[in-house]
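Numbered from 1 within each chain, the chains take letters A, B, ... in sequence-line order.
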Number of protein chains: 4
Amino acid sequence: MARTVNEEKRLERRKRILEEAVVLFAESGYSNTTTALIAKNIGVTSGTIFQYFPTKETLFHAAVLEPLEDIQKKSLAMLQQDESPAALIKNMVEEQFNHIYSYTNELRLVQSVLGQRIRFPELTQQVLDSIKVMTDTIECVYAKGQSLGEFNPGFSPAMISRSYISFLNGVALTLGEDIVHHPEWENLKAHAYYLFAPVQHSTN
Amino acid sequence: MARTVNEEKRLERRKRILEEAVVLFAESGYSNTTTALIAKNIGVTSGTIFQYFPTKETLFHAAVLEPLEDIQKKSLAMLQQDESPAALIKNMVEEQFNHIYSYTNELRLVQSVLGQRIRFPELTQQVLDSIKVMTDTIECVYAKGQSLGEFNPGFSPAMISRSYISFLNGVALTLGEDIVHHPEWENLKAHAYYLFAPVQHSTN
Amino acid sequence: MARTVNEEKRLERRKRILEEAVVLFAESGYSNTTTALIAKNIGVTSGTIFQYFPTKETLFHAAVLEPLEDIQKKSLAMLQQDESPAALIKNMVEEQFNHIYSYTNELRLVQSVLGQRIRFPELTQQVLDSIKVMTDTIECVYAKGQSLGEFNPGFSPAMISRSYISFLNGVALTLGEDIVHHPEWENLKAHAYYLFAPVQHSTN
Amino acid sequence: MARTVNEEKRLERRKRILEEAVVLFAESGYSNTTTALIAKNIGVTSGTIFQYFPTKETLFHAAVLEPLEDIQKKSLAMLQQDESPAALIKNMVEEQFNHIYSYTNELRLVQSVLGQRIRFPELTQQVLDSIKVMTDTIECVYAKGQSLGEFNPGFSPAMISRSYISFLNGVALTLGEDIVHHPEWENLKAHAYYLFAPVQHSTN
DNA sequence: GATGAATGAGCTTTCATTCAT
DNA sequence: CATGAATGAAAGCTCATTCAT
């Protein structure tokens, strides 16, 4: 029992470290974020970090991958519900664009990894694998939608899913903090769905 | 005369430093790139860098902004030629996507800046300003195309130009080095133009 | 308790660093003294210095001002005892000249600052302020002594106190390490008091 | 003949370098003065300095010793004129205090050397030797004055000359740039002569 | 003889990591 | 377990000095 309480405390603290790491790594980059600052911001001392993560790099990996998995899981769950492909995709786009502000940091972290593949080769691979799971699923749903006449059959599903992921990342990258207050925000969101080339009557 | 020769030599070397800096900063990020390595890679010693750029940060700024300006200039020139808006935009997309591999590093640098706005606030602003010039021009051409019936009139030009820039950056970011060897590369390129919602008869 | 022990240890080490800094800065000057040498001489590694003083310059300031304050405090205390002005001044001169060898380095540091006012403007000001407190006090005591007929009334107290401080510093500067072994040392000390122009009968 | 012209040019330039070196070394200290700045300030390039002085240290030695010798020569000449000892000393004090502002930098240089004997041992020795010549001469004149009843016979000439040199240096050190505008300046100058303990009737 | 670009050793400062308490 | 002082390698930057032009 006592064991469990300790276990919980440890997990709780680990989570706090990870949260703060995500914020700081995203804001300032890997090298410019010090383990001491992460520690200070959550009210522990510098040594404590290393009781939970053996190295700074390990912490970074966790800060990149763990939130990514959470996000993926949520999105994949949405795509496996019992609705028409077009509806599934529309929901996914809505969901991802509406909540984009709540995981800006996580996205930015992923992007910073992709931007430095040579420096983080292993991590990059894991990120790409994770993205691949996502695009594969979208591809699959999209193909089904095409066969049902919901999407323009002239486009390759592989390309479409790639396009969407690229667009999503590009939007998050080029628009800033206040991304959702951009005057064209609503139109941009609609255009994300337009990318899938929905056949008219089913879009409405 | 002697003066000119020296001046040329200096410019030549400055260019070499900048080229190498672009590569290394893009590959490894600002902090993880040492000025000593840049020097070593071009066959000079560490002190030489600082004869051309007073600080590492100055070098970084130059490495980000100077190539960006070159690229912008080329693109803007293309958009001001004497052709129909649709043709201009199509050419621009073709050009940018075809040459994307030749300035992957430059793009990546820009992206790394945008990903760390807090750390490089001034530089970020300059990059955003530079991008704005680009989107404004595209917007302008696009609006003209709409009035000529070349593009779907239902979309906001501001949104469209933003979308395209986001897409371009997203593609460069999520696809790797061998971006152009991706099996969907050609389709992706076509989809970039599709983003502009060209009216059918002119797309073919 | 544990807290107190740590606190004490820190203060102890801070003091050791400062002591060594005083010696080395005085012997070799600010620029020619490396923080690494200070560290090495007290048996710690280079980084440790910066746990106690954020920059080399901060350390220098502390090395100049803290001992100066100690010395001043002692001298001021002497001048506020319950004796005749002439006795107070005589004691002060005795004290300062007798102990001059024990704070040669501290004096030399102060002198090196005064010699480079442009380079250390803020520090210079603080040193001058500190000296002013000293001369003001001497002036005050001297004036009282004049009114009691202990000193020649023909001299301006402000000039006299300045003269003494100048003389003290000049002696420390032009005589070397073995200042107190100089054959004229005792006579010189007597002449320091002579500077105050004591009226004969009270000098003996 | 052409030879001579070149020779003159060289000497002229050497002098310019030395002058600038005196100013900068005095203001900022040895280490903090760069050879490049000296060069720049007199309108030549960095390499030129080393055509006239093999190393920075050589230049420093020259900047300290050459002006010191000039000053000494002048003072010694004054002390060897055909007047009474008291008049000679009075003239010397007048002269040195009146012109103190014109060789503040030279004095400061000397003082900075004396403050760092360990760092410049050889140079220190030469400075001390130079000072010794001065004090010896003063001593000699003073002794003669004592035997003529011009000075209080109770003081050791060696001590008196030391005192005066110490006082002179101390005044220059503790008073700043605008030394001669100090409200007590005239009194201070008078006190410098008082140091020699002149017998009353000859002081006026 | 003057130039000024290149050199490279040396400096201050940072920071991930360790470990005695 | 948490602490936080100590470590020491590594980085950016400076600058006296050299030398080809």
Enquirer: Listed in order of residue number, which residues of residues 30-49 of chain C have a non-hydrogen atom at under 4.0 Å from DNA chain F?
Expert: C:Val44, C:Thr45, C:Ser46, C:Gly47, C:Thr48
Enquirer: Please list, chain by chain and in numerical order, all residues satisfying salt bridge (charged side-chain N to carboxylate O under 4.0 Å, His left out) with B:Glu69, sequence neighbours excluded.
Expert: none
Enquirer: Just to verify, what does D:Asn41 make a side-chain contact (heavy atoms from CB on, under 4.5 Å) with, not counting sequence neighbours?
Expert: D:Glu20, D:Leu24, D:Leu37
Enquirer: Using whole Å, what does the distance between atom P of nucleotide F:dA16 and atom CZ of D:Phe60 come to?
Expert: 13 Å
Enquirer: Working to the nearest 0.5 angstrom, can you tell me the gap between A:Thr58 OG1 and A:Ile49 CD1?
Expert: 12.0 Å
Enquirer: Between C1' on E:dC19 and NZ on C:Lys9, what's the gap in Å once rounded to a whole number?
Expert: 13 Å
Enquirer: What's the CG-P distance between A:Leu11 and F:dC1, to the nearest Å?
Expert: 11 Å
Enquirer: Just to verify, what does B:Arg16 make a salt bridge (charged side-chain N to carboxylate O under 4.0 Å, His left out) with, not counting sequence neighbours?
Expert: B:Glu19
Enquirer: Out of F:dT14, E:dA16, F:dA6, which nucleotide sits closest to the side chain of A:Phe50?
Expert: E:dA16
Enquirer: B:Glu7 has an atom CD; how far is it from atom P of E:dG4, in whole Å?
Expert: 11 Å
Enquirer: Partners of A:Phe60 by ring pair (Phe, Tyr, Trp, His ring centres under 6.0 Å), sequence neighbours excluded?
Expert: A:Phe25, A:Tyr30, A:Phe120
Enquirer: Taking OP1 and OP2 of E:dG1, is either one under 4.0 Å from a side-chain nitrogen or oxygen of D:Tyr52?
Expert: no
Enquirer: Record whether the side chain of C:Gln51 comes under 3.5 Å of the base of F:dA5 through a donor-acceptor pair of N or O atoms.
Expert: no
Enquirer: What is the separation between atom CZ on A:Arg16 and atom C1' on F:dC1, rounded to the nearest whole Å?
Expert: 19 Å
Enquirer: In whole Å, what is the span from the CZ atom of B:Arg14 to the C1' atom of E:dA5?
Expert: 16 Å
Enquirer: Pick the nucleotide of DNA chain F nearest each of C:Arg13 and B:Lys56; which residue has the one closer to the 5' end?
Expert: C:Arg13
Enquirer: Could you provide the dot-bracket string of DNA chain E, using ( ) for intrastrand pairs, [ ] for crossing pairs and | for bases paired to another strand, with Watson-Crick or G-U pairs below 3.5 Å?
Expert: .||||||||||||||||||||
Enquirer: Taking C:Arg119 for the side chain and C:Gln116 for the main chain, is one N or O donor matched with an acceptor at less than 3.5 Å?
Expert: no
Enquirer: Keeping to residues at least two apart or across chains, list the ring pair (Phe, Tyr, Trp, His ring centres under 6.0 Å) pairs with something in residues 31-55 of chain C.
Expert: none
Enquirer: Of all residues at least two apart in sequence or in a different chain, which pass the salt bridge (charged side-chain N to carboxylate O under 4.0 Å, His left out) check with C:Glu57?
Expert: none
Enquirer: Run the salt bridge (charged side-chain N to carboxylate O under 4.0 Å, His left out) test against B:Glu66 and tell me which residues pass, sequence neighbours left out.
Expert: B:Arg14
